[in-house]
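What follows is one structure encoded as C-alpha cells, with my remarks underneath.
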There are 2 protein chains.
Amino acid sequence: MINKVPQAAVPRLSLYYRALLESRGKDYVSSDELSKLTNFTAAQVRRDLTYFGQFGTPGKGYEIEGLKKAILGILGTDKNWDVALVGAGNLGTALLSYKGFKQQGFKILSAFDNDLRKIGKTLEGITVQDISELEKTVSEQGIQIAIVATSTEGAQEVIDTLIRAGVKAILNFTPIRAQTPEEAIVLNIDLSIELERLAYFLTKAKA
Amino acid sequence: MINKVPQAAVPRLSLYYRALLESRGKDYVSSDELSKLTNFTAAQVRRDLTYFGQFGTPGKGYEIEGLKKAILGILGTDKNWDVALVGAGNLGTALLSYKGFKQQGFKILSAFDNDLRKIGKTLEGITVQDISELEKTVSEQGIQIAIVATSTEGAQEVIDTLIRAGVKAILNFTPIRAQTPEEAIVLNIDLSIELERLAYFLTKAKA
DNA sequence: TGTGGTTTGTGAAATGTTTAACATGCGGTT
DNA sequence: AACCGCATGTTAAACATTTCACAAACCACA
C-alpha cells in the first residue's frame with residue numbers, strides 16, 4: 001500500500017463493522033447502503049476500504065461475511081487480547097464490568113491498585129493485586145494492552161512501569177499526557193477536555 | 001474572524017490552559033515554552049491562539065494570567081455549567097464521583113435511572129430520580145449539558161428526550177451514534193472503538 | 001533616540017483528508 | 001457471445017490543517 005491510512009479511518013472501520021452486523025439476512029451491501037447506516041458518505045466508505053485492500057465487486061457491492069472477516073483481520077479483533085487494568089476505583093470498577101469489551105475479544109486479565117482496602121478484593125472474577133506486582137505479573141502474562149484509571153498522581157510512573165513490562169498500547173483515563181517511546185501508543189480519554197469542548201460549543205453558539 | 005477554527009484546536013486550548021497552570025511564578029510564557037510543556041510545535045501554539053485573537057507581545061511572549069482568563073472565556077469555562085447524568089450504573093456512578101469535573105466548573109445537578117433499585121439512592125449528594133422525570137426536571141432546571149451512561153438499549157430515546165428538554169450538548173458513553181438536530185452536539189466516547197484502535201496499532205506494528 | 005535581541009503574528013508552502021466524478025469491470029440476461 | 005446496468009476503485013480536485021520562515025513589533029539599554 002502506497003497511501004498512508006488517515007488516523008480517522010480506523011475508528012470508521014469499527015463503525016462499518018457494526019453496521020455490517022445489522023445487515024443480517026443479506027449477502028451483499030453497497031457503499032451507498034453502508035453510507036446510510038453510518039452517516040458517512042458513500043465515497044468515504046469506498047475510499048476507507050481501499051486503504052486496506054479491494055473487498056468489493058463492481059455492480060454488486062461488498063460481500064457481507066467476507067468484509068466482516070476482513071475488517072476483523074485489519075483491526076486485529078479476530079484474535080483475543082488480554083488487558084491489564086490499573087486502578088480499581090470507581091472508574092476502574094466500571095470498566096471491569098463493561099460488557100462491550102468482552103464482546104470484541106478484549107479480556108481484562110488482571111487488575112491492580114495501591115489502596116490496601118482494594119487489594120485482595122475480587123470484582124467480576126478478577127482479584128485486585130498490589131500495584132507492586134504490576135511489572136512482574138504483566139510481563140509474565142505477556143499482556144500488551146493496559147487501561148490506566150488511577151488518580152493523576154501516580155499515573156506517569158504507572159505508565160513507565162507498564163512500558164517496562166512490555167505493554168505497547170495504553171488507554172489512559174487520567175489527564176496526564178504521558179511521555180512514551182515511539183513503539184508504544186497511548187490513547188487519552190480526557191473527560192474534562194470533552195466537557196470543555198461541549199462548553200465551547202455552547203458558548204460559541206450564543207455568539 | 002475570517003478563518004475557521006479547526007475542530008482539533010479546541011482541545012489543544014484546554015491543554016495550553018493546563019500548561020499555564022503549571023507555569024506558576026512567572027509572568028510571561030513564550031510559544032516555545034508552551035511548546036515544550038505540551039509537545040505541540042511552537043508554530044501550532046501561536047497559530048491556535050491567533051484563531052481566537054491576539055494575546056501575545058512580540059519579544060516577550062504571552063502574559064500568563066491574561067492568557068488564562070482569555071482561554072477560560074473562549075472555552076466558556078469561566079462560567080459554571082450544570083450537567084444532568086442519565087444512567088446511574090457503574091459508569092454513571094464513577095462519573096458522579098469524578099473530581100475533574102467540579103474543578104473546571106461542571107456540576108452534576110441531577111441523575112436519572114430506570115432501575116427501581118437505583119432510584120431514590122443518594123450518591124455524592126445527588127438523589128437518583130426516575131427517568132420518567134427526566135424531561136420535566138432537566139427543562140425546569142434549564143440544564144444544557146448531559147452525560148449519557150445508560151445501556152445501549154434506551155440510549156436513542158434518552159437522547160431524544162434530552163433534546164426535547166432543551167439540552168444542547170451531550171457526552172455519550174453508549175456505542176450508538178445518535179441522530180440529533182443541527183443545533184445540538186453529541187460527543188461520543190466509545191470505549192470499544194478505542195480498544196480496537198489499540199488492537200489495530202498492535203496488529204499493524206507486527207506487519 | 002537608536003540598536004540588538006527576542007518573539008509574535010501571518011502569508012505562503014507543504015502536507016493531509018475528503019469529496020466528486022467517472023472509467024472500469026463484473027454479473028445477469030437475452 | 002454481446003450488451004446493459006450497476007457499483008466499485010481511482011484519479012483529480014477541493015478542502016482543511018499544519019509547518020515554515022520571516023517581517024513587524026516590542027522591550028531594554030546605552
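Here is how names work: the chains are called A, B, and so on, in the same order as the sequence lines, proteins then strands, and each is numbered from 1.
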Pull out every residue in residues 55-70 of chain A that has a heavy atom closer than 4.0 Å to any atom of DNA chain C, ordered by number, or say none.
A:Thr57, A:Pro58, A:Gly59, A:Lys60

Just checking, any donor-acceptor pair under 3.5 angstrom between side chains of A:Ser14 and B:Glu196?
yes

What closest approach, in Å, do A:Ala111 and A:Ile126 show between heavy atoms, and which atom pair accounts for it?
N-CG2, 3.7 Å

Atom pair CG (A:Leu67) and CZ (A:Phe52), whose distance is rounded to the nearest 0.5 Å:
11.5 Å

Tell me: CG of B:Leu49 to C1' of C:dT7, nearest whole Å?
13 Å

So which atom in A:Ile143 and which in A:Asp82 form the shortest heavy-atom distance, rounded to 0.1 Å?
CG2-O, 3.6 Å

Quick one: is A:Thr41 getting a side-chain N or O under 4.0 Å of the C:dT19 phosphate, OP1 or OP2?
yes

To the side chain of A:Gln44, which of C:dG11, C:dC22, C:dT19 is closest?
C:dT19

B:Arg46 CZ to C:dA12 P: how many Å, rounded?
17 Å

Does anyone know the first and last nucleotide of DNA chain D in reach of chain A, 5' to 3', at under 4.0 angstrom to a heavy atom?
D:dC6 to D:dA12

Between A:Val45 and A:Tyr16, what is the shortest heavy-atom contact and its length?
CA-OH, 3.6 Å

Any chance the side chains of B:Glu63 and B:Thr57 put a donor and an acceptor closer than 3.5 Å?
no

Distance-only side-chain donor-acceptor flag, B:Ser30 / B:Asp32, under 3.5 Å
no

side-chain contact (heavy atoms from CB on, under 4.5 Å) for B:Arg12 and B:Phe40? Distances and angles first, verdict last.
CA-CA 9 Å; B:Arg12 283 197 299 263; B:Phe40 300 113; 3.5 Å; yes

Considering only C:dG16, C:dT18, C:dT19, which nucleotide approaches the side chain of A:Ala8 most closely?
C:dT18

So does B:Asp190 get a backbone contact from the side chain of B:Asn188, meaning a donor-acceptor N/O pair under 3.5 Å?
no

State, yes or no, whether a side-chain contact exists between A:Phe112 and A:Ser132 at a heavy-atom distance under 4.5 Å.
no

Neighbours of DNA chain D within residues 21-35 of chain B, by heavy-atom distance under 4.0 Å
none

Exactly one of B:Leu171, B:Leu162, B:Ile176 should register a side chain to side chain contact (heavy atoms under 4.5 Å, CB included) with B:Val148. Which one does?
B:Leu162

